[in-house]
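Working notes, beginning with the structure itself.
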2 protein chains.
Amino acid sequence: MSADERRRALRDTLVAEAERMIAAGGLPGLRARELAQAAGCAVGAIYTAFPDLDGVVLAVNLRTLNLFEAALGPPAGRIADAGAAADELVRLGQAYLDFARAHPLRWDALFRHRAPSGQRAPDWYVAEQARLFARIEQPLAVLRPELAETECRLLARSLFSATHGIVALGLDPQRLALPAAVIRDQIEILVRAMAAGLRRP
Amino acid sequence: MSADERRRALRDTLVAEAERMIAAGGLPGLRARELAQAAGCAVGAIYTAFPDLDGVVLAVNLRTLNLFEAALGPPAGRIADAGAAADELVRLGQAYLDFARAHPLRWDALFRHRAPSGQRAPDWYVAEQARLFARIEQPLAVLRPELAETECRLLARSLFSATHGIVALGLDPQRLALPAAVIRDQIEILVRAMAAGLRRP
DNA sequence: ATCGCACTTGAACGTTGTTCATGACCATGC
DNA sequence: GCATGGTCATGAACAACGTTCAAGTGCGAT
């Protein structure tokens with residue numbers, strides 16, 4: 001096995017074990033020594049595969065994004081009218097809630113993690129995010145056909161942010177700690193309200 | 001000076017210095033040794049005034065909530081009609097954005113901080129939050145007079161959560177990193193859309 | 001078989017938050 | 001004024017963290 005192959009294998013093992021640890025204990029559950037032991041390597045070996053633990057977290061987070069994309073299923077087909085567009089937006093919002101509930105700590109890691117050096121996320125990470133935002137842009141374009149693409153992209157991100165806020169604070173055991181069914185209803189009410197309100201510009 | 005008075009004085013000094021440190025460096029900027037030096041006491045003294053550093057953070061966060069309440073000005077008077085209610089909701093959302101921009105790290109600490117033991121926030125903290133949510137419930141009740149109080153309270157919290165999401169992800173330098181003026185417009189668009197969409201149940 | 005180099009190793013380093021034996025200090029009683 | 005008792009602040013010490021790097025191991029080439 002070449003050195004490159006070994007490094008790749010180590011990377012895979014590390015990410016898989018890190019994923020398990022984060023799923024079990026959140027971001028604080030990822031500890032260098034424990035990770036090394038789980039992956040069957042020395043602590044120092046982690047730093048041959050990743051620049052630091054934040055790099056490991058980033059890799060895990062990418063897998064989480066992929067998992068979410070898979071959970072969304074294939075992209076929606078043609079959306080007939082504004083009513084169907086609103087339905088699709090509600091469906092996406094509730095799918096987001098379902099995913100957050102199914103993988104609470106992994107999902108939490110997506111947003112709680114901050115790169116230490118204040119740098120922006122790497123391109124491959126941003127690209128994955130963009131693919132997910134496209135899911136929102138599609139029904140939004142049906143709802144507001146006259147919107148320029150830049151404005152549609154922007155509005156889609158704000159729609160996501162709003163839904164994210166409802167889910168994040170709603171599920172947070174230290175903030176609202178709402179039952180899932182209640183959050184589900186709130187998403188339905190507010191996303192539908194936004195869709196209805198956006199329809200007439 | 002009695003022991004209680006001294007402890008209170010120490011508490012005040014610690015909170016003031018901790019506030020400065022968090023404002024300068026966020027939650028990671030609050031370090032026990034540095035705080036003790038700034039407050040002119042020994043590290044151990046911190047633990048005579050607070051159970052741990054999280055207690056200090058909680059006290060700072062309460063001050064931040066008070067600061068935000070002050071920034072909102074006195075509660076709105078009677079709200080004439082649904083149009084005025086929508087205006088007020090937009091105003092509150094944009095005031096929230098302004099505050100987050102004016103005190104980014106202190107505001108960040110409000111949401112990034114997690115109590116370690118998984119316990120809920122203390123009552124005095126929840127009470128202060130409730131006073132702020134009441135600001136949203138007021139115009140919302142004008143918009144939807146038929147709503148039961150529990151539903152109004154719930155919807156107000158979700159409205160806040162949505163706006164919080166737009167502000168938090170919009171300002172986050174590692175996520176959207178949008179210019180403030182853009183976020184301001186997005187709040188206007190979406191809050192107005194929600195208000196319009198909510199008007200007809 | 002021997003040599004040389006690259007890569008893995010894990011003890012060590014610097015920083016955390018938190019604790020607790022120590023000693024200083026002050027109020028009280030004689 | 002002095003001895004005494006108890007209370008409280010002190011900061012060195014501890015455990016746990018991420019990260020590093022001198023040292024050693026092992027593999028491939030000669």
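In what follows, every heavy atom counts, from backbone to side chain, and hydrogens, waters and symmetry copies are set aside. On a predicted model such as this, the values are computed, not experimentally measured, just so you know. Sequence lines set the chain letters: A, B, ... in the order given, protein chains first and strands last, and positions in each chain run from 1.
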(request) Any pair with a residue in residues 165-177 of chain A that passes salt bridge (charged side-chain N to carboxylate O under 4.0 Å, His left out), sequence neighbours left out, goes on the list, sorted by first then second residue, please. (result) A/Asp172-A/Arg175, A/Asp172-B/Arg114
Name every donor-acceptor pair, under 3.5 Å, that has one atom in a side chain of residues 41-52 of chain B and the other anywhere in the protein, sequence neighbours excluded.
unit_1: B/Thr48; atom_1: OG1; unit_2: B/Ala45; atom_2: O; d: 2.6
unit_1: B/Asp52; atom_1: OD1; unit_2: B/Asp54; atom_2: N; d: 3.2
unit_1: B/Asp52; atom_1: OD1; unit_2: B/Gly55; atom_2: N; d: 3.1

(request) Could you check how far CZ of B/Phe50 sits from C1' of C/dT19, rounded to whole Å? (result) 18 Å
(message) Can you list, in residue-number order, the parts of residues 27-40 of chain B that come under 4.0 Å of DNA chain D, counting heavy atoms only?
(response) B/Arg33
(message) Whole angstroms only, please: what is the CD1-P distance between B/Ile46 and D/dT10?
(response) 11 Å
(request) Rounded to the nearest angstrom, tell me the gap between atom CZ in A/Arg7 and atom C1' in C/dC7. (result) 11 Å
Atom pairs and distances, side-chain donor-acceptor, residues 130-139 of chain B, under 3.5 Å, sequence neighbours left out:
unit_1: B/Arg131; atom_1: NE; unit_2: B/Glu69; atom_2: OE2; d: 3.3
unit_1: B/Arg131; atom_1: NH1; unit_2: B/Glu128; atom_2: OE1; d: 3.4
unit_1: B/Arg131; atom_1: NH2; unit_2: B/Glu69; atom_2: OE1; d: 3.3
unit_1: B/Arg131; atom_1: NH2; unit_2: B/Glu69; atom_2: OE2; d: 2.8
unit_1: B/Arg135; atom_1: NH1; unit_2: B/Gly73; atom_2: O; d: 3.0
unit_1: B/Arg135; atom_1: NH2; unit_2: B/Gly73; atom_2: O; d: 2.8
unit_1: B/Glu137; atom_1: OE2; unit_2: B/Arg157; atom_2: NH1; d: 3.1
unit_1: B/Gln138; atom_1: NE2; unit_2: B/Ala76; atom_2: O; d: 3.2
unit_1: B/Gln138; atom_1: NE2; unit_2: B/Gly77; atom_2: O; d: 3.3

Which atom pairs, one a donor and one an acceptor, fall under 3.5 Å between side chains of residues 182-193 of chain A and the rest of the protein, sequence neighbours left out?
unit_1: A/Arg184; atom_1: NH1; unit_2: A/Gln94; atom_2: OE1; d: 3.1
unit_1: A/Arg184; atom_1: NH2; unit_2: A/Asp98; atom_2: OD1; d: 2.7
unit_1: A/Arg184; atom_1: NH2; unit_2: A/Asp98; atom_2: OD2; d: 2.9
unit_1: A/Gln186; atom_1: OE1; unit_2: B/Ser158; atom_2: OG; d: 2.6
unit_1: A/Glu188; atom_1: OE2; unit_2: A/Arg192; atom_2: NE; d: 2.7
unit_1: A/Glu188; atom_1: OE2; unit_2: A/Arg192; atom_2: NH2; d: 2.9
unit_1: A/Arg192; atom_1: NH1; unit_2: A/Asp87; atom_2: OD1; d: 3.0
unit_1: A/Arg192; atom_1: NH2; unit_2: A/Asp87; atom_2: OD1; d: 3.2

(message) Would you call the rings of B/Tyr96 and B/Phe111 parallel, tilted or perpendicular, taking 30° and 60° as the class edges?
(response) perpendicular
(request) Could you pull out all residues at least two apart from B/Glu34 that satisfy side chain to side chain donor-acceptor pair (under 3.5 Å)? (result) B/Arg31
(message) Can you tell me which nucleotide in D/dA9, D/dG11, C/dG17 comes closest to the side chain of B/Tyr47?
(response) C/dG17
(message) Tell me every residue that passes side chain to side chain donor-acceptor pair (under 3.5 Å) with A/Asp108, counting only those two or more places apart in sequence or in another chain.
(response) A/Arg112
(message) Expected output is a numbered-order residue list: members of residues 51-61 of chain A with a heavy atom under 4.0 Å from any atom of DNA chain D. What is it?
(response) A/Asp52, A/Leu53
(request) Sequence neighbours left out, what pairs pass salt bridge (charged side-chain N to carboxylate O under 4.0 Å, His left out) with at least one residue falling in residues 9-24 of chain B? (result) B/Glu17-B/Arg20, B/Glu19-B/Arg63, B/Glu19-B/Arg106
